[in-house]
Visitor: 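Before anything else, here's the structure in question.
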Amino acid sequence: MIIYGDLPKPSPGPNECLIDVSAVDVNPIDTYIRSGAIPSNIQCPYIIGRDLAGTVVEVGSQVKKFKPGARVWVTGQGVGSRQGTFSEFAVVAEEWIHPTPDGVRDEDMVAVSLVGITAHLGLVMHAKLRANEILFVNCGSGGVGSCVVQIGKALGAKVITTAGSDAKVEACRKLGADLAINYKTEDVVAAIRNFAPKGVNVWWETLREPDFERTIPLLAMRGRMIVMAGRDAKPVFPVGPFYVKDCSLHGFAMFNATSEEQRIAAEDINGWMQSGKLTAQIDRIMPLSQAAEAHRLQEESTIHKKGTLAGKIVLITEKL
Ligand SMILES: NC(=O)c1ccc[n+]([C@@H]2O[C@H](COP(=O)([O-])OP(=O)(O)OC[C@H]3O[C@@H](n4cnc5c(N)ncnc54)[C@H](OP(=O)(O)O)[C@@H]3O)[C@@H](O)[C@H]2O)c1
């Protein structure tokens, strides 16, 4: 159960900043942690949430990079000894804090935080996407997928994606997708073969039930496949057609990335946010007091596959 109420204001330790939080967002993993679907080492009372954007108001004695007044964003909180972000004030260790570029709103910055870092880690560190390669991403209208489409384009790839309605397909085209396919009404395999006769160089799977029997024949020689969802999935894996093309499979979870790996991704994300190459996809903005309803909506859309959301849910803190 999510309870909206008062806890004492936290104080920063020597390497921490106290941040006046203005915006947070919801990720599917927030609902898995809250519901217990992922057993997590958390302290109670547990503050939900991974990401925040806001302003530094106080710094610990060893903090070097930030001063009071600095606009910042953060992802990857709410695990282990770190409390979550759905609060008026949060303390965060300096290593996880990134500056917010001038001219970028807190609502937009928080909406790309976790999903943007995830897309960057997958494309750059794991799949090593190169310019002019063909990238396919399932779910270009999703939180992760919309960042994969845009970052793929920023890296110079040709991007194919899928979405579940004509309106979402059109939104994917606006994000820069070279080919956007309505997976409910079109033949996805035929459309990919037509666009990429030599195969897809990087296949990004966001579905929680990856279909290797469909995907592997569509991979190019030395194709790379990313899997990053579906903890309980046990799909059939055709080994022969995979290894004879020198293909590789890359699984990753963004929360395993070190703060330095995340910082490298955050620098690029900040540059793309400022130049407009990366834009936030926000479905709706709600007050923080509606956190429980926000979780219900995210579960309905992602876990129960209703596809009701077209972008992130962002919540704005109310000063009590
Ligand atoms: N490993 C990691 O580090 C990491 C990081 C972030 C997220 N994740 C996981 O990645 C998954 C996606 O996260 P997200 O934040 O992008 O979720 P999301 O915003 O809910 O996006 C998922 C999208 O999938 C689309 N979809 C559903 N069925 C589809 C199908 N058969 N074909 C194509 N698209 C389909 C839906 O859009 P339509 O309405 O268009 O169908 C939905 O918007 C979640 O399971 C999440 O837990 C993992």
Side-chain angles (χ1 to χ4, degrees), residues 25-35 37-38 40 50-51 75-76 78-79 110-123 125-127 136-151 160-173 175 177 180-189 191-192 203-211 214-215 225-233 235 249-257 261-262 265 280-284 294-314:
D25 70 339
V26 186
N27 297 288
I29 194 170
D30 302 351
T31 69
Y32 314 153
I33 293 174
R34 188 220 71 240
S35 68
I38 299 181
S40 306
R50 319 275 301 166
D51 316 326
T75 182
V79 283
V110 83
V112 299
S113 54
L114 183 144
V115 286
I117 296 260
T118 301
H120 192 289
L121 290 171
L123 292 176
M125 191 166 93
H126 296 286
F136 172 84
V137 52
N138 241 340
C139 320
S141 66
V144 174
S146 59
C147 284
V148 174
V149 168
Q150 296 180 84
I151 293 179
I160 311 172
T161 193
T162 58
S165 70
D166 289 343
K168 287 184 177 181
V169 163
E170 188 49 36
C172 291
R173 288 197 189 104
L175 293 179
I181 309 162
N182 184 332
Y183 71 86
K184 289 186 177 158
T185 59
E186 292 179 66
D187 182 338
V188 175
V189 171
I192 295 172
W203 181 291
W204 186 302
E205 190 52 82
T206 66
L207 294 182
R208 289 186 294 139
E209 301 94 16
D211 183 346
R214 181 177 82 148
T215 302
M225 183 174 178
I226 296 269
V227 286
M228 36 72 77
R231 283 167 190 254
D232 303 320
L249 182 63
H250 303 258
F252 81 102
M254 68 83 66
F255 52 74
N256 294 328
E261 287 165 344
Q262 294 204 18
Q281 305 305 304
I282 298 176
D283 182 275
R284 68 192 71 190
H295 269 225
R296 192 196 64 73
L297 281 166
Q298 187 73 57
E299 281 174 338
E300 176 184 272
S301 189
T302 312
I303 318 285
H304 305 304
K305 299 184 184 172
K306 294 268 173 67
T308 28
L309 297 173
K312 304 293 291 178
I313 303 174
V314 170

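Both ligands and their constituent atoms are indexed starting at 1 by order of listing. Side chains included, hydrogens not; waters and symmetry mates left out as well; all remaining heavy atoms used.
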Visitor: Please list, in number order, the atoms of ligand 1 under 4.0 Å from a heavy atom of Ala229.
Guide: 9 (C), 10 (O), 11 (C), 45 (O)
Visitor: Nearest to atom 22 (C) of ligand 1, what protein heavy atom do you find, and at what distance?
Guide: Gly142 CA, 4.2 Å
Visitor: Hey, does Thr302 come in under 3.5 Å of ligand 1, counting only N/O atoms on both sides?
Guide: yes
Visitor: Measure the CD1-CD1 distance between Ile38 and Ile29 for me, rounded to the nearest 0.5 Å.
Guide: 4.0 Å
Visitor: Would Lys312 count as being in polar contact with ligand 1, using the rule that some N or O on each side must be under 3.5 angstrom apart?
Guide: no
Visitor: Measure across Ala177 and Val149 and return the closest heavy-atom pair with its distance rounded to 0.1 Å.
Guide: N-CG1, 3.9 Å
Visitor: Does the protein come close to atom 5 (C) of ligand 1 - that is, does one of its heavy atoms sit below 4.0 Å from that atom?
Guide: yes
Visitor: Of the non-hydrogen atoms in Ile117 and Thr75, which two are nearest, and what is the gap between them?
Guide: CG1-CG2, 4.1 Å
Visitor: For Ile313, which of Leu297, Asp30, Ile282 qualifies under side-chain contact (heavy atoms from CB on, under 4.5 Å)?
Guide: Leu297
Visitor: Which atom names give the shortest non-hydrogen contact between Phe252 and Thr118, and what distance separates them?
Guide: CZ-O, 3.4 Å
Visitor: Which heavy atom of Thr206 sits nearest a heavy atom of Met228, and at what distance?
Guide: CA-SD, 3.9 Å
Visitor: May I ask you to check whether Lys168 has an N/O atom sitting below 3.5 Å from an N/O atom of ligand 1?
Guide: yes
Visitor: Does a donor on one side chain and an acceptor on the other come within less than 3.5 Å for Ser146 and Gln281?
Guide: no
Visitor: Looking at ligand 1, does any of its N/O atoms fall within less than 3.5 Å of an N/O of Thr118?
Guide: no
Visitor: Would Val144 count as being in polar contact with ligand 1, using the rule that some N or O on each side must be under 3.5 angstrom apart?
Guide: yes
Visitor: Below 4.0 Å from ligand 1: does a non-hydrogen atom of Leu114 turn up there or not?
Guide: yes
Visitor: Provide the number and element of each atom of ligand 1 under 4.0 Å from a heavy atom of Arg208.
Guide: 45 (O)
Visitor: Which residue owns the protein heavy atom closest to atom 48 (C) of ligand 1, what's the atom, and how far is it?
Guide: Met228 O, 3.0 Å
Visitor: Looking at Ser301 and Thr308, what are the two nearest heavy atoms and their distance?
Guide: OG-N, 3.2 Å
Visitor: I'd like to check which ligand 1 atoms, numbered from 1 as shown, lie under 4.0 Å from a non-hydrogen atom of Ala253.
Guide: 1 (N), 2 (C), 3 (O)
Visitor: Is the shortest side-chain N to carboxylate O distance from Glu170 to Arg173 below 4.0 Å?
Guide: yes
Visitor: So, taking the atom named NZ in Lys305 and the one named CZ in Arg208, what distance separates them when rounded to the nearest 0.5 Å?
Guide: 6.5 Å
Visitor: In the protein, which heavy atom is nearest to atom 36 (C) of ligand 1, and how far is it?
Guide: Ser141 OG, 4.6 Å
Visitor: Could you grab the distance from atom CE of Met254 to atom CD of Gln262, nearest 0.5 Å is fine?
Guide: 4.5 Å
Visitor: Please identify which of these residues, Arg296, His304, Gln298, meets the side-chain hydrogen bond (donor to acceptor under 3.5 Å, both in side chains) condition with Glu300.
Guide: Arg296
Visitor: Scan side-chain atoms only and decide if Lys312 and Asn27 contain a donor-acceptor pair under the 3.5 Å cut-off.
Guide: yes
Visitor: Is atom CG of Asn256 surrounded by more than 12 heavy atoms (other residues, nucleotides or ligands) closer than 6.0 Å?
Guide: yes
Visitor: Would you kindly specify which portion of Lys305 sits under 4.0 Å from ligand 1, judged on non-hydrogen atoms: side chain, backbone, both or neither?
Guide: neither
Visitor: Give me the atom names and distance for the closest heavy-atom approach of Ile226 to Gly122.
Guide: CD1-O, 3.5 Å
Visitor: Relative to the heavy atoms of Gly307, which atoms of ligand 1 are at a distance of less than 4.0 Å?
Guide: 39 (O)
Visitor: Which ligand 1 atoms does Thr162 reach within 4.0 Å, using its non-hydrogen atoms?
Guide: 33 (C)
Visitor: Heavy atom of Gln298 under 4.0 Å from ligand 1?
Guide: yes
Visitor: Closer than 4.0 Å to some heavy atom of Ala163 - which atoms of ligand 1 meet that?
Guide: 40 (O)
Visitor: Give me the nearest non-hydrogen protein atom to atom 11 (C) of ligand 1 as residue plus atom name, then the distance to 0.1 Å.
Guide: Thr206 O, 3.6 Å
Visitor: For Leu207 and ligand 1, does the shortest N/O to N/O distance drop below 3.5 Å?
Guide: no
Visitor: Answer yes or no: does an N/O atom from Phe252 fall short of 3.5 Å to an N/O atom of ligand 1?
Guide: yes
Visitor: Protein heavy-atom contact under 4.0 Å for atom 42 (C) of ligand 1?
Guide: no
Visitor: What protein heavy atom sits nearest atom 17 (O) of ligand 1, and how far off is it?
Guide: Pro28 CG, 3.6 Å
Visitor: Please work out which of the three classes, parallel, tilted or perpendicular, describes the rings of Phe136 and Trp203, given edges at 30° and 60°.
Guide: tilted
Visitor: Flag Gly143 as yes when one of its N or O atoms lies below 3.5 Å from any N or O atom of ligand 1, and as no otherwise.
Guide: yes
Visitor: Nearest to atom 35 (C) of ligand 1 by heavy atom, Ser301, Gly164, Cys139, Gly122: which?
Guide: Cys139
Visitor: Would you tell me which option among Phe255, Tyr32, Tyr183 has the nearest heavy-atom contact to atom 33 (C) of ligand 1?
Guide: Tyr183
Visitor: Can you confirm, on distance only, whether ligand 1 has an N/O atom lying under 3.5 Å from any N/O atom belonging to Met254?
Guide: yes
